[in-house]
Amino acid sequence: MQKIRTGRHFVLVMHVPVVFVTKFQHKVFTHAHLTRMEEIMRSVCADFACELVEFNGEDNHAHLLVDFPPKIAATRLVNSLKCWSGPYFAGTVGGAPLAVVKRYIEQQNRPV
């Protein structure tokens with residue numbers, strides 16, 4: 001069951017997939033890097049009253065699925081999550097079932 005946020009004038013479920021890619025897609029992340037990034041990003045999300053629903057990555061990028069309230073601008077959250085400068089991708093889940101997005105993130109080839 002998805003967590004439904006309610007407020008005085010809204011009822012919503014808002015998940016945003018975010019992908020951070022290393023500069024020039026250099027393969028620099030290890031399992032230890034991704035584990036530490038996940039800890040930091042969970043903490044940042046908690047500070048924003050958001051939930052990091054799913055996290056995984058490969059040696060040159062990290063995938064996040066974030067559930068966040070409407071009072072938080074996606075750009076503000078993403079800029080606080082970034083561990084480095086440069087571009088990022090953020091989109092809405094749209095009509096895709098949340099389970100499909102979570103499974104895609106889980107299936108990343110995380111370095112050992």
Side-chain angles (χ1 to χ4, degrees):
M1 183 68 174
Q2 294 182 19
K3 181 178 172 184
I4 298 175
R5 293 181 184 265
T6 59
R8 203 167 149 188
H9 300 289
F10 67 87
V11 176
L12 60 86
V13 175
M14 192 162 11
H15 290 87
V16 173
V18 181
V19 180
F20 292 115
V21 180
T22 60
K23 189 170 185 175
F24 304 119
Q25 295 188 358
H26 287 297
K27 298 178 178 187
V28 296
F29 294 148
T30 64
H31 178 75
H33 290 125
L34 292 170
T35 299
R36 182 65 181 133
M37 280 177 28
E38 181 176 5
E39 292 170 1
I40 292 167
M41 291 181 175
R42 282 195 188 283
S43 175
V44 171
C45 284
D47 290 345
F48 277 83
C50 298
E51 179 187 359
L52 182 57
V53 177
E54 197 66 49
F55 178 93
N56 205 352
E58 295 187 5
D59 52 10
N60 64 353
H61 67 278
H63 284 268
L64 295 78
L65 181 61
V66 181
D67 174 17
F68 69 98
K71 66 181 179 181
I72 302 296
T75 55
R76 189 165 163 243
L77 172 65
V78 169
N79 284 322
S80 296
L81 287 169
K82 286 196 320 188
C83 304
W84 56 90
S85 62
Y88 64 89
F89 168 80
T92 60
V93 173
L98 197 53
V100 171
V101 178
K102 288 174 74 172
R103 187 170 47 247
Y104 173 77
I105 293 172
E106 289 169 354
Q107 292 174 346
Q108 296 297 299
N109 291 324
R110 190 175 185 132
V112 256

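All values derive from a computational prediction rather than experimental measurement.
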Legend entry - Side-chain heavy atoms of Val18 within contact of Leu81, under 4.5 Å: no
Legend entry - Given Gln107, His61, Arg110, Glu38, the one that forms side-chain contact (heavy atoms from CB on, under 4.5 Å) with Asn56: Arg110
Legend entry - Leu98, Ile105, Val100 screened by side-chain contact (heavy atoms from CB on, under 4.5 Å) with Lys102, the one that passes: Leu98
Legend entry - Considering all heavy atoms, the nearest Phe68-Ala74 contact: CZ-CB, 4.1 Å
Inset, instruction - May I ask you to decide whether Arg36 forms a salt bridge with Glu39, counting only side-chain N to carboxylate O separations under 4.0 Å? - result: yes
Legend entry - Any side-chain heavy-atom pair of Leu34 and Phe55 under 4.5 Å: yes
Inset, instruction - Starting at CG of Asp67, measure out to SG of Cys45 and round the result to the nearest 0.5 Å. - result: 9.5 Å
Legend entry - Nearest heavy-atom neighbours spanning Phe48 and Ser80: CZ-OG, 3.2 Å
Legend entry - Pairwise distance CZ(Phe20) to CE(Met37) - rounded to 0.5 angstrom: 8.0 Å
Inset, instruction - With rounding to the nearest 0.5 Å, note down the distance linking CG in Asn109 to CG in Asp59. - result: 9.0 Å
Inset, instruction - Examine distances only and state if a side-chain atom of Gln108 and a backbone atom of Glu58 form a donor-acceptor pair shorter than 3.5 Å. - result: no
Legend entry - Interatomic distance, Leu65 atom CG to Leu52 atom CG [nearest 0.5 angstrom]: 8.0 Å
Inset, instruction - Would you sort out whether Val19 and His63 count as a side chain to side chain contact (heavy atoms under 4.5 Å, CB included), showing the intermediate values? - result: CA-CA 5 Å; Val19 180; His63 284 268; 3.5 Å; yes
Legend entry - Distance (rounded to the nearest 0.5 Å) between Cys50 SG and Met41 CE: 13.0 Å
Inset, instruction - List the steps and the verdict of side chain to side chain contact (heavy atoms under 4.5 Å, CB included) for Val101 and His15. - result: CA-CA 10 Å; Val101 178; His15 290 87; over 6 Å; no
Inset, instruction - For residues Asn60 and Lys27, determine if any side-chain heavy atom of one lies less than 4.5 Å from a side-chain heavy atom of the other. - result: yes
